[in-house]
Structure formats: C-alpha cells, structure tokens
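Input: a single structure, listed below in structure tokens.
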Amino acid sequence: MRFYHKLLFVSFLFIAFCSSSILAQNQLSGKVTDASDGSPIEGASVYIPDLRLGATTGLDGNYIIKNIPSGSYIIEAEFSNYSAQKQTVNINGNITLDLKLFEAANEAQEVVVVGNAVGSDLHTSSQTITEVPNSYLMQNASTNIIDAIAKVPGVSAITDGQSISKPVIRGLGYNRLVTVNDGVRQEGQQWGDEFGIEVDQNSVDRVEILKGPASLIYGSDALSGVIEFLPENPLPEGDIKGELLNNYQTNNGLINNSISLAGTNNGISWSGRVSNIMAHAYQDPNDGYVLNSQFMNFSTDESIGIHGKWGFSQLHFSYFDLQTGIVDGTRDIVTGKMERQVAFPPADTPFYVLPTKQEQMSYTPFVINQHIRHYKLVFDNDFKVGDGDIIARFSWQQNHRQENNDPTIPDISDIYYLLNTETYDIRYQSPDRNNFNYSVGVNGMLQNSQNLGTLLLIPEYNSFSGGVFAIANKKFGNLNLNGGLRYDTRLFTGHDSYIDSSELPVSANTPGALHRFVGYTSNFSGISGSLGATYQFSPSIYLKANISRGFRAPNVAETGSNGVHDGTVIYEIGDPSLKPEQSLEVDIAPGIRTKDITFEVDLFSNSITNFIFTKAVLDANGKQVFDSSTIGFGNAPVFKYTQGNAILTGGEIMLDIHPAAISWLDFYAAYSVVNANLLNQPDSIKYLPFVPPARLQAALTFTAKRLSKTLNNAYFRFGMVHCFEQDNIYLQTSDYTGLSTASTPAEFTASRSATAAYTLLNAGLGSDFMRNGKKMFSLFVSCDNIANVAYIDYMSRFKYYPADYTTNPHRVGVYNMGRNVSIKMLIPF
C-alpha cells in the first residue's frame, strides 16, 4: 500500500480521536404510519443519506435521530412492501416530521436521483432515474448482481453464462456506462467482452440507475448512464444487528451463504460481511449441463465510521474473488454433448473428451477458466462548513484478472492483467437558500496497468484523468430547473514492450527481441453539460425534459491493441490518434402519479459523434486480412478500431396500477425498446452489436400485511417476460468470430438471421415468519422459466457457438438457463 493510503488511514484515526466528544444537539423525531389506515409501521427506516445517520421505528411507529448538524437534508423513509418517501427538511433545533408510506409492490420504482451532486427527489430531477429496492433483489433469483437488475426497463446484460454479466443501459455498455460501488467508480478492465463486475450481490442493499449521459458528475465513460450499488444504511445509535442469508437454486445447485454483523455505538458505526457463492454447470432443455459454466465466488467487506457535529468519516474495505469456467461449446459429433478440453495447441488440434456425470456437476471450474480478484479501500468524508458540506472521497483499487487456457499447465495464466486505480472526488455542496442550491468540485483517477501473462493484447500503461464541474438547482413555483458544466482531461501513456520468439517479455536490448508494442502518448479533453426542467402541472401530473452532452475518452483496447483478443479470437489493432466520443442526448418524460396509478413514458434520442468501433482490415483486392503470428490461434482475422457517427433512439413505458381501495393488489407492466445505428456504413455494420431487442414484461402481485399472527408481509406474484425478435443484426459478427459458409455453415447462417423471440413465465411467494411479535426469519421462493422454455437471448455471447450436428436442422449456440427454483431464507439475529 502506498504512503498516501497509510496517510488516509492515519487521518481517519485522528478525526475519530479529535471528534468523538463534540456532538450536535439538533434532533429529528416523528411517527411513520400507513397512509391507507393510519396504523403505525414498526421497523421502518428513517435515514439522512448525507450524514449516514438514521433510526428504526418502534412498535408505535415512532423514531428519533439525535446529534444532527444544522442544515437542510433529504430525509428518506422506507419499509418492505411500501414505496419509499423522501422529503427535504431544514434541521435547526428539535424538529418533528411525521411520514406516511403507501403500500406498493416491489417492482423497480422511479424515486431517487443518482449522479446529481445536489440531492433532489424524483419530482425535481429532469433525468430518468430508477431505484431498485432491496425487496426486489430479495424476491428475485439471480447468479450475480448484474443478473439481478437485468430486467429493469432500459437495462439489460451481455452474458457469458451465469457468472459473467456486463451491464447495458439503453443499448450501450462496456466503457460507455459507469458502475459505482461504495461511492466510487468500479474499475476492473471494463473494455473486455468477457469481463464482469466485481461486486458481491449480497452486499448490495439497493440499486440506483440513471439512464442518460452522466458525464457531468462522473466524467469520461458515462455516456449511457450510471449504475450505483448502495450498501445497507448504518444502524441507529445503540443498535446491533446480524443477518444470515441462505439461498439454494435447483437448476445449477447454487449455494449462497452470507453472514453480516453491524452496529452503532457512541457515534461510531461498524459493519462486516462474509459471502460465499458457488454453482455447478447450469442446465437448459437442449444442452443438458452447460459444461464449465460453474463458478465459485468468495467476498468480504468491512467498514468503520464516525459521526459528529462536524459531519462523518468512514473507511470501507472490500475483497472479491471469483473463479469461473469459460464455456467454449465444443461438442461430440456423435452424441452432441459438450466436451471437456484436455490438451491445447501447438498440437495439431485441441483434444477433447466427454465429461463424466461427476464432472458435469462439479463446482470447480475446468481449464479454460478465469480467476478475478478485486481489492478496494474507500475513505469517505462529509465535513460541515457553515450550512454547507465539503465531501471528500478517495479510493484505492487493485484488480487481478487471470485466464488459464492450457489444460496441461492449469496453474499458468496465459492472460494476466494487473490494474491499480486511485480515485479522488472533492466537492462543495451548498445549503438550499430561496429554493436554490449548487455544487462545485473536482474528481478523477490515476491508473497503472501491467501485463503479467504471455498472451498480449494491450500494452502496459499509465493514465491520469481529472475534471472540474459546477451544478445548480433552482425552483420557481411548479417549475424546477437544473443544469451544469464540466471540463475533463485525460493523459494516457502506452508503454514500449518487447518479446522473444516464445512471446515472453524481454528487455529492448535482448538479441532477437521483437517490438511488441510501440509506446505512445494521447491527450483527450472535452466539455460536458446538462440542462433540464421538471414542471408539475398538478400534484399528480408532471413533465420532465433534459438535454445532456457526454464525453468519453478512448480506452486502452481502442488506442493500443495489437494482438489476438482471446474472447473473440480476432487480431485487433488500436489507434492512438482516435478522438474522444461526444454524445448529445435529449430526454422527455411525461408522467402521472396518483394513489391508484403510476404511469410514465421515457423517450430519448442519443447522437454520438466519433463513435468508436472495429472494422475489418482488407487487402488491395478487398479481401479480409488474416494474421497467424500468435501461437495457438491459427489465422485470426484482423480488425482495426476506427470512428464514425451513431444514433440511438427509444424509450420505456411503465404502468403500475395499485388501487388504494384494494391495497393488496398491484399490476405492473413495462415496455422498453432501443434502435441503434452506425450512420453512413455498409449493411454489415450499420446496426450496433449487442443492442437488446424490444421487451415487454408484466406482473400481478397480491400482498397481505398480516396474513396471520405467524405470517406478515406475505406476497404472491405471477409474471411474464416477452423478448421480441431481434432482426437488426450486426452482420460483421460472422467475420469477427471466424465463421464461414465452408467450415461452419450452420453457425454462419445463424449469425446472419434474426434471433428468435421468446416468452418466459415466472412466479414468486414469500413472507416474514413471526413469533411473539418478532420476526424469526423471512422466506422468499421464486421460479423462473416455469415452462422450461429452450431459448437463446440475443445478449448472450453463446448464441453463435458450435452447432449440434446431431440435430436436424442443426441447432446452433448454447441455450440460456432452463427452469430454476430459488429458495432464500434471511434470518436476523
């Protein structure tokens, strides 16, 4: 750990020592009740996000939060099966605030702003925001955290089986969205096709999703939006709480055990969690066990923080360790079953064998596999300055990403990227005066990446990025205006690299050394901005409109690639002279929100100049160029990064019927669609790859607050998801994956045909089990793909995998998971 990381830790201890005795006298108290009948709600959370302070209501619904610094804050009130409520309150002295909560089903609700330095609620934000509550995460089955939110309208995932999912917002993923965890952007080689997100799903209490450019706060990469994973709020003063989570899934034998313990005493809050998740190969109706889709995931995180009248400071450490198999889809030509690789080139051909039943159900990944380790330390502070705040947040992250490709040497990593990232974020947040507030600040990151493997695609590099921004909100009666400006710069240096004839790194003066990567320096800069308005025509009818300009600097793969990309088996060439992408998005969203119905239409148009994509390198005769210099990959087609213009249009329609007179009934439906085109390009690349098809989903939910003395907060849900046919095909896929009419005719045809539509049914039920008025445990049971439909999702990277030539017609690709029953038990102690 570097010197300044130690300095942060020492600073934390100093603040704790100096500040433990100076507590404020302001307090907030009140009562939380059910809006329909006025009954008190026990166990509701009342929380002040800016201060990390909160309380839990007692049997009578009353709460009290003490030692609050003077100022204006957003107060959040939440409880399972109720819509979250937020209200801005000026705290000075002893303040009383009574809150009423409305019952709601647990679909993702549009409630909170993320990506805005100045706190605001749904009705004052001009951007499209979705909050995924904890109840939604608990009531739905998933194998990773992105899988858990992939059905939220406007959100999808590029998948490599069950353990690796890359988030996509409105058709854009990879480095075109930002993932935030523990308050800082998650950095772990997002440019890679088969690289997922290093976040323990058990540590996430809720998720906030901003759809649309968010470069104003987060700088480069947030062209399509931000996904922020939020932990559980610190406990109220004097509380200690533990939870044990057990989850079993039938399809893949998934076993998920997680234990957590947290508490707050004398202004010091602390927490700890250990999680272990493992699953054997998942099953589908056509392929049976999908060999080598198994994974093992261990995670832990700990935090300690202190609160005083000066604000708060918190130190948080997390560790994520994932070992996952990589499916290659190779099949036995006689049986059609998937085979296990046992040898590797330079033999004439790879050698495969049929697996045993025990190997099909193994929890230990075979070679080919990945091993990902991610360490993170976050130092989070909020200091009161008059009625305003100075927020200072720093982090250190280290990402190890290894891939083992040769079964004869299973412990040797052909691919090994080591990435160190240090982030900083310092801003001033003003108090709210005369319905006006603002925020100004600077943030950015430093990165260093090393290659410790032998299969080289990108150079080692250093980068520094920084940005300065200003944001303001102003309210004029029923009109709310918000906007801001930002300037970003990024300095990127790719390092010289030399290898010998065996592709091992050597110094430049080694006899026979090959110049593998040529060093380069690139400077990128850009201006981002946003201007939006929300107008409240009546208490229940509103209109939101926003125009945003986003910025994205090219990543290391786009500027520096020079080698075979193992995930796609093509030879990629980067271009250090690429220009930054700039987006201009217009959003408009009319909506209705009453006690009986919620309805919103979110429409967007996102134009991106200098959009970066790969294009085949052709020879003088217009034929594809191939490269055979990389051992074990034969003749790899050569592609080079280039630029053009793109446009994405679409939106989401959401309807939630929740009659106040029939509070036990809720009907939810949503439709989402994205169209994405590269302009002035040939048919083979005029559509962007991995743009999700249109999707329709619906659910009918029945709830009961008190079904009996034993069963509280019971629910039953029945729903469906229909994904439409995707006929806007990225035809270059056939070239990009080495498919041809001669050697792989069935796969080639599939890659140029529409991906079929499919419909999945799902259901779920659950309840809190009570004894003598206390919750003993909560049970959540769900069943996905009830009809065991055989389908391939367009967002799966397995859709053009080797065909099963024992079927007629030949069945192409590896199918998605079949019927799966999930049983979760959450035990508080």
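- Taking each heavy atom of Ser782 and Gln139 in turn, the nearest pair found is CB-O, 3.8 Å.
- With a 4.5 Å cut-off on side-chain heavy atoms, Met361 and Tyr289 count as touching.
- Each of Glu403, Glu198, Gln189 was compared with Ile372 under the side-chain contact (heavy atoms from CB on, under 4.5 Å) criterion, and only Glu198 meets it.
- Phe295 has its side chain out of reach of Gln323: every pair of non-hydrogen atoms, C-beta onward, lies at least 4.5 Å apart.
- Ring planes of Phe724 and Tyr671: perpendicular class, angle over 60° (limits at 30 and 60°).
- Geometrically, Arg401 engages Phe195 in a cation-pi contact, judged by NZ or CZ lying under 6.0 Å from the ring centre and within 45° of the ring axis.
- Here the side chain of Gln726 pairs a donor or acceptor atom with the backbone of Val691 at under 3.5 angstrom.
- With respect to Asp587 and Arg170, a salt bridge is recorded, a charged nitrogen being found less than 4.0 Å from a carboxylate O.
- In this structure, the separation between CG on Leu700 and CZ on Phe667 is 7.5 Å, given to the nearest 0.5 Å.
- No side-chain donor-acceptor contact under 3.5 Å links Thr642 to the backbone of Lys615.
- Note: Tyr801 and Phe798 have tilted aromatic rings, judged against thresholds of 30 and 60 degrees for the angle between ring planes.
- Side chain of Gln681 to main chain of Asn677: no donor-acceptor pair is present (N/O by atom type, distance under 3.5 Å, no hydrogens or angles).
- Asn546 and Ser126 share a donor-acceptor pair across their side chains, judged by distance under 3.5 Å alone.
- When only modelled atom types and interatomic distance are considered, Asn252 and Gln162 share a side-chain donor-acceptor pair under 3.5 Å.
- Judged by distance alone, with hydrogens and angles left aside, the side-chain atoms of Asp284 form no donor-acceptor pair with the main-chain N or O of Met817 at under 3.5 Å.
- For the salt bridge (charged side-chain N to carboxylate O under 4.0 Å, His left out) test, no residue two or more places apart in sequence or in another chain qualifies with Asp793.
- Checking Tyr641 against Glu572 by side-chain atom types alone, a donor-acceptor pair falls below 3.5 Å.
- What you find for Ala557 and Trp191 is that their closest heavy atoms are CB-CE3, 3.7 Å.
- Here the side chains of Val204 and Leu230 are not in contact, with every heavy-atom distance at 4.5 Å or above.
- A salt bridge is defined here as a Lys NZ or Arg NE, NH1 or NH2 lying under 4.0 Å from an Asp or Glu carboxylate O, and Arg811 with Asp804 meets this definition.
- The shortest non-hydrogen separation linking Leu137 to Lys824 is O-NZ, 3.0 Å.
- Counting only heavy atoms from C-beta outward, the side chains of Asp328 and Glu339 never approach each other to under 4.5 Å.
- Smallest separation of non-hydrogen atoms from Glu558 and Arg552: OE2-NH2, 2.9 Å.
- Geometrically, Lys211 does not engage Phe604 in a cation-pi contact defined by less than 6.0 Å to the ring centre and at most 45° from the axis.
- Between the CG atom of Asn788 and the CZ atom of Arg819 there is a distance of 4.5 Å, given to the nearest 0.5 Å.
- The backbone N or O of Thr143 lies less than 3.5 Å from no partner atom in the side chain of Gln249, so there is not a single donor-acceptor pair.
- There is a side-chain donor-acceptor pair under 3.5 Å between Ser142 and Gln201.
- With contacts defined as side-chain heavy-atom distances shorter than 4.5 Å, the pair Leu291/Arg340 qualifies.
- A donor-acceptor contact shorter than 3.5 Å links the side chain of Ser224 to the backbone of Arg176.
- In this structure, a donor-acceptor pair under 3.5 Å is present between the side chains of Ser165 and Asn144.
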Determine whether Leu254 and Tyr248 satisfy the following criterion, side-chain contact (heavy atoms from CB on, under 4.5 Å), listing intermediate values before the conclusion.
CA-CA 5 Å; Leu254 182 142; Tyr248 177 75; over 6 Å; no
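- With Tyr136 as the aromatic partner, Arg206 does not meet the cation-pi criteria of under 6.0 angstrom to the ring centre and within 45 degrees of the ring axis.
- Looking at Glu725 and Tyr794, their side chains never bring a donor and an acceptor atom within 3.5 Å of each other.
- Asp602 and Lys544 are not joined by a salt bridge, as no carboxylate oxygen comes within less than 4.0 angstrom of a charged side-chain nitrogen.
- Between the side chains of Asp200 and Ser275, at least one donor-acceptor pair of N or O atoms lies under 3.5 Å.
- Residues Thr598 and His658 bring a donor and an acceptor atom of their side chains to less than 3.5 Å of each other.
- Not a single salt bridge (charged side-chain N to carboxylate O under 4.0 Å, His left out) links Asp727 to another residue, sequence neighbours left out.
- Proximity of a side-chain donor or acceptor of Arg331 to a complementary backbone N or O of Pro802 within less than 3.5 Å is detected.
- The distance from atom CG of Leu223 to atom CG of Leu584, rounded to the nearest 0.5 Å, is 11.5 Å.
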Take Ser605 and Glu585, measure what side-chain contact (heavy atoms from CB on, under 4.5 Å) needs, and give me the verdict at the end.
CA-CA 5 Å; Ser605 176; Glu585 177 164 322; over 6 Å; no
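- At distances below 3.5 Å, at least one donor-acceptor pair connects side-chain atoms of Gln732 with backbone N or O atoms of Thr614.
- The shortest side-chain heavy-atom distance between Tyr791 and Asn785 falls under the 4.5 Å cut-off.
- Between Val781 and Ser822, the closest side-chain pair of non-hydrogen atoms is not below 4.5 Å.
- Ion pairing between Asp221 and Arg185 holds under the 4.0 Å rule for side-chain N and carboxylate O.
- Classified by interplanar angle (parallel below 30°, tilted 30° to 60°, perpendicular above 60°), the ring pair His810/Tyr805 is tilted.
- Atom OG1 of Thr741 sits about 12.0 Å away from atom CD of Glu747, to the nearest 0.5 Å.
- No donor-acceptor pair closer than 3.5 Å links the side chain of Thr250 to the backbone N or O of Asn820.
- The side-chain heavy atoms of Val226 and Tyr218, taken from C-beta on, include a pair separated by under 4.5 Å.
- The shortest non-hydrogen separation linking Ala150 to Arg695 is O-NH1, 3.0 Å.
- No side-chain donor-acceptor contact under 3.5 Å links Gln283 and Asn251.
- Around the NZ atom of Lys166, the shell of radius 6.0 Å holds more than 12 heavy atoms that belong to other residues, nucleotides or ligands.
- Taking CG of Asp666 as the reference point, atom OH of Tyr715 lies at 14.0 Å (rounded to 0.5 Å).
- Of the options Asn247, Asn297, Leu245, a side-chain contact (heavy atoms from CB on, under 4.5 Å) to Asn202 is made by Leu245 and by none of the others.
- His722 places a side-chain N or O within 3.5 Å of a backbone atom of Tyr758 that can act as its donor or acceptor partner.
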Start with the C-alpha distance between Ile255 and Tyr363, add both sets of side-chain angles, then the distance that settles side-chain contact (heavy atoms from CB on, under 4.5 Å), and finish with yes or no.
CA-CA 10 Å; Ile255 301 171; Tyr363 285 84; 4.1 Å; yes
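- Atom CG of Asn762 sits about 7.5 Å away from atom NZ of Lys151, to the nearest 0.5 Å.
- Of all heavy-atom pairs between Ile227 and Val207, the closest is CG2-CG1, 3.8 Å.
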